[in-house]
Amino acid sequence: MNPQLGALVAQIDCVLVGKSTQAQLAVCCLLAGGHLLIEDVPGVGKTTLAHTLAHTFGLDFSRVQFTSDLLPGDLLGVTVYDRNSSAFSFHAGPIFTQLLLADEINRAPPKTQSALLEAMEERQVSIDGVTRALPSPFFVLATQNPHDQRGTYALPESQLDRFLMCLSLGYPDSAAERSLLLGEDRRTLLARLPALLDVQSLSALQRQVQAVHVAEALVDYVQRLLAATRAPRRFAIGLSPRAGLALLRASRAHALLHGRDYCSPEDVRAVLPAVATHRLQPTVDSAGSREAVQGQIAELLQQVPI
């Protein structure tokens, strides 16, 4: 593993404990310039992961708790009239940051959820006819609770597609849970840990990701995977060309994380579940759970030749 990036993963895993795979994928997501969605039950470390990523990467950080009464203006900002200057002035919302934690994003109604679409795709927001650029870099890290919990609104497909990856942390194993129970408070631990990157270093790493070589044969393999998801009776909606581009970006970041300047099929296979699970729509007669979709992806990886 790349020593610099390995230190990032190790520090994140030090806080989360026992989640090295998820830590690696989260690092890959930010190196690839993508947004990250974390879906799981409350209390397993989703918010802690967001705080740890922001701290470790040396990014400015804002957290917004999404609720049923949250309005787009609460997120983006508002234009107000100033009597003293007899002019309108813009008050920026919490979205004007480098890493935005949209906590429990699916507890807000669709109108507020959609306020993120332009920001996630264009890195800008349009308010009252004025377009304002967001800081660079800009990442959205969103958490969401399972859809069967009360007070949740399902994210539309167009919003899900803006997230490069979707992860699930899951419950810790017995040893990791014991370490958490006996160890110090995670916030206290995080406050003692150093920031391992700055904005300039992150930008340099992102340029290295873009320079990772992808051979024609690997593109052929990616196309076979995309075509397999679109086959009849496998999924109601398969992966789009944009998903294919996302898969290559994530694969390049995974290769760089492991110290290589070229992409291999193992990189594609390692990131495919995180890139594809939230984008695939199961057929009507199949179980629609996350685990069912991941099972189908595992079968697909076994069946599609390298």
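Since this is a predicted model, take the numbers as computed values, not measurements.
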Measuring only between side-chain heavy atoms, which start at C-beta, is [X] closer than 4.5 Å to [Y]?
X: V199; Y: Q98; value: yes
X: V214; Y: V219; value: yes
X: V9; Y: L257; value: yes
X: R162; Y: L116; value: no

Would you list the pairs meeting ring-ring contact (aromatic ring centres under 6.0 Å, His included) in which at least one residue belongs to residues 229-261, sequence neighbours left out?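 For residues 229-261: H254-H258.
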Between [X] and [Y], is there a donor-acceptor pair closer than 3.5 Å when you use the side chain of the first and the backbone of the second?
X: R249; Y: A32; result: yes
X: S201; Y: L197; result: no
X: R279; Y: V275; result: yes
X: R234; Y: R230; result: no
X: T131; Y: S126; result: no
X: S114; Y: K111; result: yes
X: D198; Y: G58; result: no
X: T229; Y: L239; result: yes

Could you see if [X] belongs to whatever hydrophobic cluster contains [Y]? Use Ile, Leu, Val, Met, Phe, Trp, Tyr and a side-chain cutoff under 4.5 Å.
X: L100; Y: L160; value: yes
X: F66; Y: L117; value: no
X: L226; Y: L300; value: yes
X: L30; Y: M1; value: yes
X: L180; Y: L169; value: no

Step by step, would you call T143 with N106 a side-chain contact (heavy atoms from CB on, under 4.5 Å)? CA-CA 8 Å; T143 71; N106 59 335; over 6 Å; no
Minimum heavy-atom distance [X]-[Y], with the two atoms named:
X: V209; Y: A253; result: CG1-N, 3.8 Å
X: S68; Y: P109; result: O-CD, 3.5 Å
X: A250; Y: M165; result: CB-CE, 3.6 Å
X: G45; Y: L16; result: O-CD2, 3.8 Å
X: Q113; Y: L155; result: OE1-CD2, 3.1 Å

In terms of side-chain heavy atoms, does E118 have a donor or acceptor partner in Q124 at a distance below 3.5 Å?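 There is such a pair between these side chains.
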Can a donor-acceptor pair be found between the side chains of D60 and T97 at a distance below 3.5 Å?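 Judged by distance alone, the side chains do not pair up.
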Going from [atom1] on [X] to [atom2] on [Y], what distance comes out if it is rounded to the nearest 0.5 angstrom?
X: N2; Y: R260; atom1: CG; atom2: CZ; result: 11.5 Å
X: L99; Y: H51; atom1: CG; atom2: NE2; result: 10.0 Å
X: L37; Y: Q159; atom1: CG; atom2: CD; result: 9.0 Å
X: I127; Y: I95; atom1: CD1; atom2: CD1; result: 8.0 Å
X: I12; Y: F57; atom1: CD1; atom2: CZ; result: 5.5 Å
X: S168; Y: D40; atom1: OG; atom2: CG; result: 3.5 Å

Out of L218, L256, V222, V271, which residue meets the side chain to side chain contact (heavy atoms under 4.5 Å, CB included) rule with S251?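 So, applying the side chain to side chain contact (heavy atoms under 4.5 Å, CB included) to S251 and each of L218, L256, V222, V271, only V271 qualifies.
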Over 60° means perpendicular and under 30° means parallel, so classify the ring planes of H35 and F138, tilted if in between.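 Ring orientation, 0 to 90° scale: perpendicular.
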Considering the options T67, T47, N145, which one meets the side-chain hydrogen bond (donor to acceptor under 3.5 Å, both in side chains) requirement together with E104?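 That would be N145.
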Evaluation steps, side chain to side chain donor-acceptor pair (under 3.5 Å), between T79 and D128: CA-CA 8 Å; T79 302; D128 297 329; 2.8 Å; yes
Salt-bridge criterion met for D103 and R63 (N-O under 4.0 Å):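 Yes, D103 and R63 are salt-bridged.
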Residues clustering with V80 (ILVMFWY side chains joined when closer than 4.5 Å, directly or via others):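 The other cluster members (ILVMFWY side chains, heavy atoms under 4.5 Å, direct or chained) are V78.
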Starting from L190 and following side-chain heavy-atom contacts under 4.5 Å between hydrophobic residues (I, L, V, M, F, W, Y), which residues can be reached?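 Reading the cluster by chain and number, L190 sits alongside V15, L189, L193.
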Who passes salt bridge (Lys or Arg N to Asp or Glu O under 4.0 Å) against E184, sequence neighbours left out?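 Residues passing salt bridge (Lys or Arg N to Asp or Glu O under 4.0 Å) with E184: R192.
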Salt bridge (Lys or Arg N to Asp or Glu O under 4.0 Å) partners of R242, counting only residues at least two apart: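 Testing R242 for salt bridge (Lys or Arg N to Asp or Glu O under 4.0 Å), a comparison that skips the adjacent residues, returns E121, D161.
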Taking atom CZ as the centre, does F90 end up with more than 12 heavy-atom neighbours from other residues, nucleotides or ligands that are less than 6.0 angstrom away?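 Yes, enclosed.
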In terms of heavy-atom contacts, does CZ of R132 have more than 12 from other residues, nucleotides or ligands at under 6.0 Å?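 Result for CZ/R132: enclosed.
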Between F163 and H278, ring centroids under 6.0 Å: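 No.
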Starting from the C-alpha separation in whole Å, work towards a yes-or-no answer on side-chain contact (heavy atoms from CB on, under 4.5 Å) for L134 and F96. CA-CA 6 Å; L134 291 168; F96 286 86; 3.8 Å; yes
Using the side-chain hydrogen bond (donor to acceptor under 3.5 Å, both in side chains) rule, collect all pairs that involve residues 206-227, keeping only residues at least two apart or in two chains.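 Sorted result for residues 206-227: Y221-R269.
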